[in-house]
Amino acid sequence: MVHSAYDAVELVAGVPGRIEAVASHAGKLLVAVSDSEGFLRGSDCSLRIYSSPASSPEGGGEIRRDGPYALERHEQRFWRRPPLAMEVSASRDLLLSLSEWVALHRLPGLETVAVVSNKTKGANVFAWDDRRGLLAVGRQKRLTVFRLDSGREFVEVKEFGVPDILKSMAWCGDNICLGIRREYMIINSMTGALTDVFSSGRIAPPLVVPLPTGELLLGKDNIGVFVDQNGKLIQDGRIIWSDTPASVVIHRPYAVARLPRHVEIRSLRAPNALVQTVVLRDVQKLVQTGNCILAALSNNVCGLLPVPIGAQIVQLTASGEFEEALALCKLLPPEDSNLRAAKESSIHIRYGHFLFDSGKYEDAMEQFSNSHVDITYVLSLYPSIVLPQTHIIGEHDKLLDMPELATESSDVTDEMESYSLQLHESDDKSPLEVKKMSHNALVALVKYLQKKRSGIIERATAEVTEEVVSGAVHHSLILSEPYKPKKPNKKRAQTHTSSIAREMATVLDTSLLQALILTGQSSGAMELLKGLNYCDLKICEEFLKEWSDYMVLLELYKSNEMHREALQLLNQLVEKSKSEMENTDFNKKFNPQMIIEYLRPLCRSDPMLVLESSLYVLERNPSETIELFLSENVPADLVNSYLKQHAPNLQSTYLELMLSMSETGINPNLQNELVQLYLSEVLDWYNILKEEGNWTEKTYSATRKKLISTLENNSGYNTDLLLKRLPQDALFEERAILYGKINQHLRALSLYVHKLQMPERAVAYCDRVYEEGAQQPSKSNIYFNLLQIYLNPRKAEKEFEQKIIPVASQYPGIHKSSSAKFKGGRTGKKVVEIEGADEIRFSPSGTDSGRSDGDGDDANDGGPIMLNEALELLSQRWDRINGAQALRLLPRDTKLQDLVSFLEPLLRNSSEHLRNYLVIKNLIFRANLQAGQLQSWCALLLLDRLVQAGQCLSGPSQPDS
């Protein structure tokens, strides 16, 4: 970094004598000059004051560069000896000098204010703290601190002893840094505590230079080391000079060193690069003033006047030293804030282009971000990114509207045009280099857009909220106004809210999604679409289709509530996955389960769309789809109605799974729908087998098994309607189940025994009815009905007909059954066949009475009976049948041996009940003699009730039998 930071201007030439010290005050030069023999230590020394001819009489305060300075005043023999140091306090208008002692003079009249002769005589160095008015003086091995009291006299504050003669020192807060012999020390001005810092160099004496920040620059031969106020090293803080400096002054942002052959200027910013070299030989003193640096030669005074900051910025920018140029922008005056912002923006943009061309894409994006340039400007560097059409004005176009920034804007435009030429020249690069550059550049773009996104989205959201609120307020005002006939008002224009923020958000999100896909960050694109986003639908849709990123495309549809398009795409992808058997990744990514998961959140908001889109998965994953309908509470009637109309082949599947998966069951209408579907299929199957001559009652298909199971386990269907549809000469098992549902037990048992020839099913039917408690309080009637069918078929038929007559009168289609003969029962005997009344509709509340008034003589009126089945029933269910009635119903020729298995447990049970009764009765009778007659009678009454209950359970076993 080499540029012109200072202009060397000769201010005073041909000074008669040797220049010992130099300072400035109010734009005038104060030069301490010894006589022509001034090199002799004991000669007098005069003070010469020079001023610029162009300056005002009152003084301008700054050193000017227009022409040489002329002598204004000459004070002869101002000092008895040449001063070792001289310093001006501009805030106090005082001149401090160290000659034989420390003297204080008022400026500009040079009146003597104070002389500290006792404690400072023979001193060789001093350090002045202008802010606090403190003076530290080093004399031999003593350090004395004075305070300027009321601007008139110095008052001694502290005095400390030091290890050796002081060579250099400077204030740093409450501490004083001392250069002693070959080392540096820190001493506390209040306590005198000494702290070693480090040793100085081998060649040059110690050199302590204070910095405006309160830190220090300590010389170590040709190296300047930065330390804090406590002497601690600052990381990476050092300046390496080209030679050992005799003195160094600080003039922000530079450090200026007096070297043997020249004056060297370096930056205070790391890495402290060389800024400029000014060739001035035999420089005796370097003094920092308000606006420049004074370089005192033997007979001349030169001023190092800083080049204007703006000019330096231009130089640095042109040479590619962007960091230094940006640092200098901080030094621009606050009143030029617009110019400063424009220059900084221009530098950041140029720096960004430089880094972009160098392949440092992330650093380039950082510079573009700091420049506050519009994102469309940055996106113009990426021709592969498709941008939506907007009305946004680019940042460089906005700059043209500001006259003071026009120059910077034109520079930006030129830079952009030059970069476009470089883009065309880059076509000569190899494809691999272009691909690598493109990927890295896009990765940097993603980070840049993500960094910018939060602020832009926040502004867009605020814009939408403002529109909604203003619209609501306007609507409420309209409602609150009384009704008046409206007249056209041409002067009132419609309010239009700017949508710049939303357009910017659309550009950003659309570009970000493309960049994410181009860099292989599909997951990032998914996250972008799942949240609030302003992606342009058309551009993103075409882009995602081109790149075949269907997962992101699905999320794009979903975020825009285009569920129909998303589901159509999903169906296509699932079908495609079936054809691409080798592509396992594609198959894993797209499967029917994805459709189900997509439909899940839509079940409540759009059930019709769910139904329209679920046919595909209902065929392939019926259980998962039905589970979806159930878990998300899709109306079952709606599902059934839709399937009945559009997919009747899936209707039974849906109802079956719903019936099996629903804990609470399904409503009666759907149950009836399912049973009717089963029955229709069974009837079609029955007609086919009947025509082929292969039909038997013991032939079962899968659907018939489902029908029988549904009829047995459910009761929500329409029994009358089903009975009407059953054929008269077949499907007796289904008919028997339906009779049982309407409590027509006698007919059901007759079908099991005579039509189906399945006595064991008849017994199981009786057990089920008995256990369900359908015949309370006379539960044994159901078994008695079965005994009647076994032992007295004619009487059972008569009772059956008596039961049916009232029902038949309501249904003209019912006709009486006729008698016929068939083979049945294990005995192979002829029994009366019960037929007819197949189309009779029975009320569900109807019941059969099992009570018989006949006796054993009536058993022979009906012909052959099923005695073996009757005896087996008695032996197995003796505890559930009224023994007396059963015995009366048996034929007279029944052998007692055949009744042993029935009577033995029955009589044993009755005897046991009787014995228990007598024992308890006697015990209670004896106990009642002591407990009182009233209590005993109550107990006896209770026992009688218990005995009566036992007799009802045991049948004929009564105490008086």
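Below, each value reflects all heavy atoms present in this structure, side chains not excepted, and no hydrogens, waters or symmetry copies. One is the number of the first residue; the rest follow in order along the sequence.
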Mind checking what makes side-chain contact (heavy atoms from CB on, under 4.5 Å) contact with [X], not counting sequence neighbours?
| X | answer |
| --- | --- |
| P333 | E335, D336 |
| T213 | L211, E215 |
| T703 | Y678, E681, V682, S701 |

Just to verify, what does [X] make a side-chain hydrogen bond (donor to acceptor under 3.5 Å, both in side chains) with, not counting sequence neighbours?
| X | value |
| --- | --- |
| Y534 | none |
| R238 | none |
| S4 | none |
| Q593 | E597 |

Are any of the side-chain heavy atoms of [X] and [Y] separated by less than 4.5 Å?
| X | Y | result |
| --- | --- | --- |
| V373 | V378 | yes |
| I375 | I456 | yes |
| N560 | E565 | no |
| V610 | D606 | no |
| F590 | M551 | yes |
| L609 | H563 | yes |
| L553 | L556 | yes |
| L602 | S605 | yes |

Kindly state each residue pair satisfying salt bridge (charged side-chain N to carboxylate O under 4.0 Å, His left out) with at least one member in [range], sequence neighbours excluded.
| range | value |
| --- | --- |
| residues 615-624 | E575-R620 |
| residues 633-661 | K644-E673, E656-K706 |
| residues 528-548 | E541-K545 |

Determine yes or no for a side-chain-to-main-chain donor-acceptor pair under 3.5 angstrom, with [X] supplying the side chain and [Y] the backbone.
| X | Y | value |
| --- | --- | --- |
| S346 | A342 | no |
| S345 | A341 | no |
| T519 | L516 | yes |

S319 and E321: side chain donor to acceptor below 3.5 Å: no
Side chains of Y642 and E612: any donor to acceptor distance under 3.5 Å?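 No, because no side-chain N or O of E612 sits under 3.5 Å from a partner of the opposite role on Y642.
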Grab the two heavy atoms, one from [X] and one from [Y], that are nearest each other, plus how far apart they are.
| X | Y | answer |
| --- | --- | --- |
| T625 | V617 | OG1-O, 3.2 Å |
| L513 | V552 | CD1-CG1, 4.3 Å |
| I313 | A325 | CG1-O, 3.9 Å |
| L615 | L650 | O-CD1, 4.1 Å |
| S267 | N272 | O-ND2, 3.0 Å |
| H3 | Q315 | CB-OE1, 3.3 Å |

First locate atom [atom1] of [X], then atom [atom2] of [Y], and finally report the distance between them rounded to the nearest 0.5 Å.
| X | Y | atom1 | atom2 | value |
| --- | --- | --- | --- | --- |
| I517 | L512 | CD1 | CG | 10.0 Å |
| M594 | L554 | CE | CG | 5.5 Å |
| I626 | Y654 | CD1 | OH | 6.0 Å |
| L573 | N571 | CG | CG | 9.0 Å |
| I385 | L379 | CD1 | CG | 7.0 Å |
| R459 | I500 | CZ | CD1 | 11.0 Å |

Run the numbers on Y377 and I349 for side-chain contact (heavy atoms from CB on, under 4.5 Å), then give the verdict. CA-CA 10 Å; Y377 180 88; I349 292 173; 3.3 Å; yes
Quick one: do Y254 and L268 satisfy side-chain contact (heavy atoms from CB on, under 4.5 Å)? Show the steps, please. CA-CA 5 Å; Y254 306 114; L268 286 174; 5.7 Å; no
Relative to the ring of F543, is the ring of W547 parallel (under 30°), tilted (30 to 60°) or perpendicular (over 60°)?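 The arrangement is tilted - the two ring planes meet at 30° to 60°.
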For Y361 and F356, take the angle between the two ring planes, folded into 0 to 90°, and tell me which bin it lands in: parallel under 30, tilted 30 to 60, perpendicular over 60.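 Rings of Y361 and F356: perpendicular, as their planes differ by over 60°.
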Would you sort out whether H353 and L381 count as a side-chain contact (heavy atoms from CB on, under 4.5 Å), showing the intermediate values? CA-CA 10 Å; H353 282 301; L381 304 177; 3.7 Å; yes
More than 12 heavy atoms of other residues, nucleotides or ligands under 6.0 Å from NZ of K452: is that the case?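 Atom NZ in K452 is packed in, count exceeds 12.
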Please report the C-alpha distance between L643 and N640 in whole Å, then the side-chain angles of each, then the deciding distance to 0.1 Å, and finally whether the side-chain contact (heavy atoms from CB on, under 4.5 Å) criterion is met. CA-CA 5 Å; L643 295 178; N640 181 65; 5.7 Å; no
Pairwise side-chain hydrogen bond (donor to acceptor under 3.5 Å, both in side chains) hits with a residue in residues 627-636, at least two apart: R600-S631
Taking only distance into account, with no hydrogens and no angle test, what donor-acceptor pairs under 3.5 Å do side-chain atoms of residues 363-370 form with protein atoms, sequence neighbours excluded?
unit_1	atom_1	unit_2	atom_2	d
E366	OE1	K451	NZ	3.4
E366	OE2	K451	NZ	3.2
Q367	OE1	H348	ND1	2.6
N370	ND2	E366	O	3.2

